[in-house]
Amino acid sequence: MIRDLPDLDAMEAFGALIAERLQPGDVVALTGGLGAGKTTLARAIIKALGHEGEVPSPTFTIIETYDHLRVPLVHADFYRLEDPSEAMEIGLDDYREGTALLAEWPDHAGGFEDEPGCLAIALETVGDGRRAIVKPGEAWQSRIP
């Protein structure tokens with residue numbers, strides 16, 4: 001499925017749709033080049049789940065947790081990982097227990113597309129906007145945003 005996101009309002013609306021359907025155990029795997037909008041979409045999802053205030057990029061911390069949201073959430077940016085085994089070393093499985101995961105650069109952590117609860121979103125720059133190529137896992141089939 002392809003969704004055009006011509007501006008920030010469209011990105012925020014898409015993030016709100018994902019947030020509305022998000023459940024513990026889900027993974028939203030965000031791929032795309034630098035500046036493609038992965039963090040912008042992640043911030044829109046987090047905001048729609050009820051977070052107020054700043055949403056820092058986890059580029060340097062790798063993981064930010066949001067336990068107070070409607071769906072407890074882990075926002076991870078795996079860009080700096082050099083090997084997928086490093087995701088295990090930082091305790092990713094422990095963070096994921098009972099939460100949803102927003103994963104930027106998921107391939108650096110070994111990928112998540114084989115999980116039924118994975119909603120894979122590849123973002124591309126198109127003019128001044130973005131295009132999202134959405135691939136839902138089995139558990140997302142009835143709730144595709």
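Only one option out of L102, L17, V55 pairs with I45 in a side chain to side chain contact (heavy atoms under 4.5 Å, CB included); it is L102.
A single hydrophobic cluster is seen to contain both L73 and L41, as judged by linkage of ILVMFWY side chains at heavy-atom distances under 4.5 Å, directly or through other members. No continuous path of ILVMFWY side-chain contacts below 4.5 Å connects V28 to F112, so the two sit in separate hydrophobic clusters. Following chains of ILVMFWY side-chain contacts shorter than 4.5 Å, one cannot reach V27 starting from Y66, and the two form parts of different hydrophobic clusters. In this structure, F14 is a member of the same hydrophobic cluster as L123, with clusters built from ILVMFWY side-chain heavy atoms closer than 4.5 Å.
Note that CG of L101 is 6.0 Å distant from CG of L92, once rounded to the nearest 0.5 Å. Considering CE of M1 and CD1 of I144, their distance stands at 7.0 Å, rounded to 0.5 Å. Distance CG/D128 to CG/L8: 12.5 Å, rounded to 0.5 Å.
Put simply, the side chain of R130 gets close to the backbone of A36: a donor and an acceptor are under 3.5 Å apart. Remark: the backbone N or O of S85 is paired with a side-chain donor or acceptor of D83 at under 3.5 angstrom.
Among residues at least two apart or in separate chains, there is no salt bridge (charged side-chain N to carboxylate O under 4.0 Å, His left out) pair with a member in residues 50-70. Listed by first then second residue, pairs satisfying side-chain hydrogen bond (donor to acceptor under 3.5 Å, both in side chains) with a partner in residues 106-124 read R96-E115, E113-K135, not counting sequence neighbours. Residue pairs that meet the side-chain hydrogen bond (donor to acceptor under 3.5 Å, both in side chains) test with at least one member in residues 31-48, sequence neighbours left out, are T39-E104.
Residues F78 and P106 come closest through the heavy atom pair CD1-CA, 4.2 Å. Between G15 and A44, the shortest heavy-atom distance links the atoms CA-CB, 4.1 Å. Contact record, W140 with R21: CZ3-CB, 3.8 Å, taken as the closest heavy-atom pair. The heavy-atom pair separating V126 from R131 by the smallest distance is CG2-CB, 3.7 Å. In this structure, G50 and L69 approach most closely via the heavy-atom pair C-CD2, 3.8 Å. A pairwise comparison of heavy atoms in L49 and V71 identifies CD1-O, 4.2 Å as the closest pair.
Checked against salt bridge (charged side-chain N to carboxylate O under 4.0 Å, His left out), D26 has the following partners two or more places apart in sequence or in another chain: R143. Contacts of Y95 classified as side-chain contact (heavy atoms from CB on, under 4.5 Å), with partners at least two apart in sequence or in another chain: I63, T65, V74. Remark: S142 pairs with no residue by the side-chain contact (heavy atoms from CB on, under 4.5 Å) rule, at least two apart or across chains.
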As a quick check of understanding, evaluate side-chain contact (heavy atoms from CB on, under 4.5 Å) for E97 and T99, giving each step before the final call. CA-CA 6 Å; E97 194 169 316; T99 70; over 6 Å; no
Show your working on side-chain contact (heavy atoms from CB on, under 4.5 Å) between F60 and R80 and close with a plain yes or no. CA-CA 8 Å; F60 296 104; R80 295 181 343 149; 3.9 Å; yes
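Ring centroid separation for the pair W105 and Y79 comes in under the 6.0 Å cut-off.
Between I121 and I133 there is no side-chain heavy-atom pair separated by less than 4.5 Å.
Annotation for E138: atom CD does not count as buried by contact number, only 12 or fewer foreign heavy atoms lying within 6.0 Å.
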